[in-house]
2 protein chains.
Amino acid sequence: MNLDQIDTPALILDKSRLARNTAAMTARVRDLGVDLRPHLKTAKSADVARLALDGNFGGLAVATLREAEYFFDNGFSDMTYAACIVPSKLNRVAALCAKGADLKLITDNAGVARALSEYQAESGGADGRPLKVLIEIDCGEHRTGVLPDSPALLDIAGILDAADGIALEGVLTHAGHSYACRTPDEMAAVAEEERAAVVGAADRIRAAGHPCPTVSAGSTPCVMFVRDVTGLSEVRPGVYMFGDMFHAGLGTRKIDEIAITVLASVIAHREDDNQLYIDAGGLALSKDRATAAFEGDADCGYGLVCDAATARPIPGLKVASVHQEHGLVTSVGPMPFGDLPIGHRVRVMPNHVCMTVAAYDAYNVIESEAGTGTHLVPSST
Amino acid sequence: MNLDQIDTPALILDKSRLARNTAAMTARVRDLGVDLRPHLKTAKSADVARLALDGNFGGLAVATLREAEYFFDNGFSDMTYAACIVPSKLNRVAALCAKGADLKLITDNAGVARALSEYQAESGGADGRPLKVLIEIDCGEHRTGVLPDSPALLDIAGILDAADGIALEGVLTHAGHSYACRTPDEMAAVAEEERAAVVGAADRIRAAGHPCPTVSAGSTPCVMFVRDVTGLSEVRPGVYMFGDMFHAGLGTRKIDEIAITVLASVIAHREDDNQLYIDAGGLALSKDRATAAFEGDADCGYGLVCDAATARPIPGLKVASVHQEHGLVTSVGPMPFGDLPIGHRVRVMPNHVCMTVAAYDAYNVIESEAGTGTHLVPSST
């Protein structure tokens, strides 16, 4: 089996690149002296999680309860469900904890903290083990989370710490506004803003007499460029494992480090328009236009068109627009129709890998030799 | 079971609205005097296909071979795979035809037509039944397809008609540029452009001595507003079954006809920003921004926020931005936080239903009473 025998469109995972990316992050975070809790919302795969945890302490972050259930069923216990819990989801949480999962929740709301307290009082908890809850901190993204200097922070901490069957586990934040940065200095500045906010919140909680063992931060840009992690206990980057064209534009991953591509077939030539079509459209690539934030070549439309064997970009080509199952490929110069006959395969590097990966049931795994990227050894899916 | 017991985010299908939409289209196309070949690329469901075919002649259109295989396994035989075939997919086509599928292919390329001819000559075809192939016509969208007056049209027709084991089935086109229209008159004009192109191509093929039994056109806007179908044998609309906010903006579906919503929970309040967050983000809704084409209220961001019980819009609210699992809801006036406590459910009408539906494994089916939209009777998924 080789790339020519896989039905298109198909999701291709280059395991060699993935392994290099995960090993580099593991080394980086070990040097920083904090724990690495990789976020698996992107990869959604136990095989990938095992690579990301190789040499690490063992915990994961997930974005949905379905992800938590999947990873628990595949042998992972220590997980932080890093999106605000709502009371209607507590039965599902309790079922997972009763099976033995060490699942940590987050909240940014005193009413929810009270509801958690009441739920634990009524249900009795999972075998006497407390439910671990972190308080989400808004460090400047203005998404979810309480501001670190807000009265609500200590209200929530007080409710959680007083509740039977709940352990106040700490504080957690996500500097999603690091994605608006364009230079290492800007990313380092946001990383410091993130650190200061979440550590400041932890200090306030402790000063009020409550425990706060975990101080969790992290996005891929912040972890790549942070200069000081004083007070943090863990970081939760995720996209670093795979990379994508947005991260290539940010400078947090190089193009030859991107581990995920979409294999596609040329399905039509439009010589009158200097264009061609591939069978990877809005469903195969996603409609994410993150690279629209960049100028010039770094805006690759809906994806960068690469040679299938080498994964090297074909100069001047990008997926300029998408229909459901059609991708329109344009060329800066004359389209090399002769090199790209109908039926020829290309690989497309996506804008936003989280969106792209989510559309598929499985990875087609290949291994590329380090340095050359040309020798493909198919591996198990 | 009711909407309060479904885990969020979840895809909700209002079967009453679907049934009204499919019955209305069946009646419309019967009045036009052509066959309705509903496109199932949106719904991807055998149950939905059976409703769409109720009272029709029985054929479907699909966008991928995986869809064709699924529908064949669920009892459907007459299918048009309405995206350009490439030779590497022919083994999969042959396997489906060998099992009895009446699968029709399309091409816009003489080289592919020759490859089809060679494939049939080598393989002997499926039990002596010819492979049916239509020629795709570009009627003005400039996607795939040959121009109706091009020399290539008759080249391809000649190759297919001369090939052993191939039946030249006819011509097919898709006026995707109807989506750029904003008025019924504009849509009627594109529908006439589409009709003239594909009927003109059929006339040329017949004048050259080749058969052309099928003349297939259709997008939801064209079928809704076409005034003359002379020469067409069938139409292939798809989105009409469900509708979405883009079609509401076009005027091809009303908001109270939209049959698909995403059920979501309020997960956080940002009173300082007059905003709240729901647990439906870029994966649950898709990142499609089709309604950006409209001005004012018709641009609903990533989706229109509605009351969960009635599916009526909550005035002034929309999903203004999305993260992977977070949707930011903004309000033109003061956010009604009291009516939308944390844990409260809303339903979001998506921009582009094809993209939204594709992210889910199954529908949660409800039935709303005609006229009121308030009484929900859960049905099987």
Side-chain angles (χ1 to χ4, degrees), chain A residues 4-5 7-9 41-42 63-66 82-89 92 107-109 111-112 115 136 138 141-145 147 150 176 265-270 272-273 275 277 279 281-283 286-290 323-326 328 341-345 352 354-355 358-359, chain B residues 4-5 7-9 41-42 63-66 82-89 92 107-109 111-112 115 136 138 141-145 147 150 176 265-270 272-273 275 277 279 281-283 286-290 323-326 328 341-345 352 354-355 358-359:
Chain A
D4 285 339
Q5 292 168 312
D7 289 331
T8 59
K41 73 183 178 73
T42 307
T64 68
L65 283 175
R66 190 174 178 182
C84 293
I85 188 67
V86 293
S88 64
K89 298 182 182 180
R92 211 165 152 189
T107 184
D108 68 356
N109 183 274
V112 172
E136 185 176 10
D138 176 6
E141 184 184 20
H142 297 295
R143 195 169 74 174
T144 49
L147 295 170
S150 67
S265 296
V266 175
I267 61 165
H269 284 176
R270 283 304 297 241
D272 50 344
D273 291 329
Q275 297 172 342
Y277 282 88
D279 60 358
L283 288 183
S286 102
K287 287 215 165 180
D288 195 285
R289 278 289 290 119
H323 303 249
Q324 183 162 344
E325 302 288 353
H326 293 73
L328 168 67
I342 291 175
H344 188 82
R345 271 98 190 284
H352 184 172
C354 309
M355 293 291 125
Chain B
D4 285 339
Q5 292 168 312
D7 288 332
T8 59
K41 74 184 177 73
T42 307
T64 69
L65 284 175
R66 188 174 179 182
C84 293
I85 189 68
V86 293
S88 65
K89 298 183 182 180
R92 209 164 152 190
T107 184
D108 69 356
N109 184 273
V112 172
E136 185 176 12
D138 176 6
E141 185 184 20
H142 297 294
R143 195 170 73 175
T144 49
L147 295 171
S150 67
S265 296
V266 175
I267 61 165
H269 284 176
R270 282 304 297 241
D272 50 344
D273 290 330
Q275 297 172 342
Y277 282 88
D279 60 359
L283 287 183
S286 102
K287 288 214 165 179
D288 195 285
R289 279 289 288 121
H323 303 250
Q324 184 163 343
E325 302 288 353
H326 293 73
L328 169 66
I342 291 175
H344 189 83
R345 270 99 190 283
H352 185 172
C354 309
M355 292 293 125

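Every chain is numbered from 1, with letters handed out A, B, ... down the list of sequences.
Residue B:Asp4 does not touch chain A at all, counting heavy-atom pairs closer than 4.5 Å. Only the side chain of A:Leu147 has a heavy atom closer than 4.5 Å to any heavy atom of chain B. Both the backbone and the side chain of A:Asp288 come within contact range of chain B, each with at least one heavy atom under 4.5 Å from a heavy atom of that chain. Contact of A:Thr107 with chain B is not made at all, since no heavy-atom distance falls under 4.5 Å. With a threshold of 4.5 angstrom between heavy atoms, A:Lys41 approaches chain B through its backbone and through its side chain. Heavy-atom distances place the side chain of A:His352, and not its backbone, under 4.5 Å from chain B. Contacts between A:Ala359 and chain B at a heavy-atom distance below 4.5 Å are absent for every atom of the residue.
Across B:Gln324 and A:Cys354, no two heavy atoms sit closer than the pair OE1-CB, 3.3 Å. A:Ile342 and B:Val86 get closest at one heavy-atom pair: CG2-CG1, 3.8 Å. Residue B:His326 comes nearest to A:Thr144 through the heavy atom pair NE2-OG1, 3.8 Å, listed as atom of the first residue, atom of the second, then distance.
For A:Gln275, there are no side chain to side chain donor-acceptor pair (under 3.5 Å) partners two or more places apart in sequence or in a different chain.
Among A:Glu136, A:His142, A:Lys89, the residue making the largest number of heavy-atom pairs under 4.5 Å with chain B is A:His142. Between chain B and the options A:Asp138, A:Val112, A:Leu328, A:Thr42, the largest number of non-hydrogen pairs under 4.5 Å is found for A:Asp138. If you tally non-hydrogen atom pairs under 4.5 Å between each of A:Glu325, A:Arg345, A:Arg92, A:Met355 and chain B, the highest count goes to A:Met355. Across B:Ile267, B:Val266, B:Leu65, the residue that shares the most heavy-atom pairs under 4.5 angstrom with chain A is B:Ile267.
Salt bridge A:Asp7/B:Arg66: absent, no basic N to carboxylate O contact under 4.0 Å.
Atom CD in B:Glu141 sits 5.0 Å away from atom NE2 in A:His323 (nearest 0.5 Å).
Taking the side chain as every heavy atom from C-beta outward, A:Thr64 and B:Leu283 never approach each other to under 4.5 Å.
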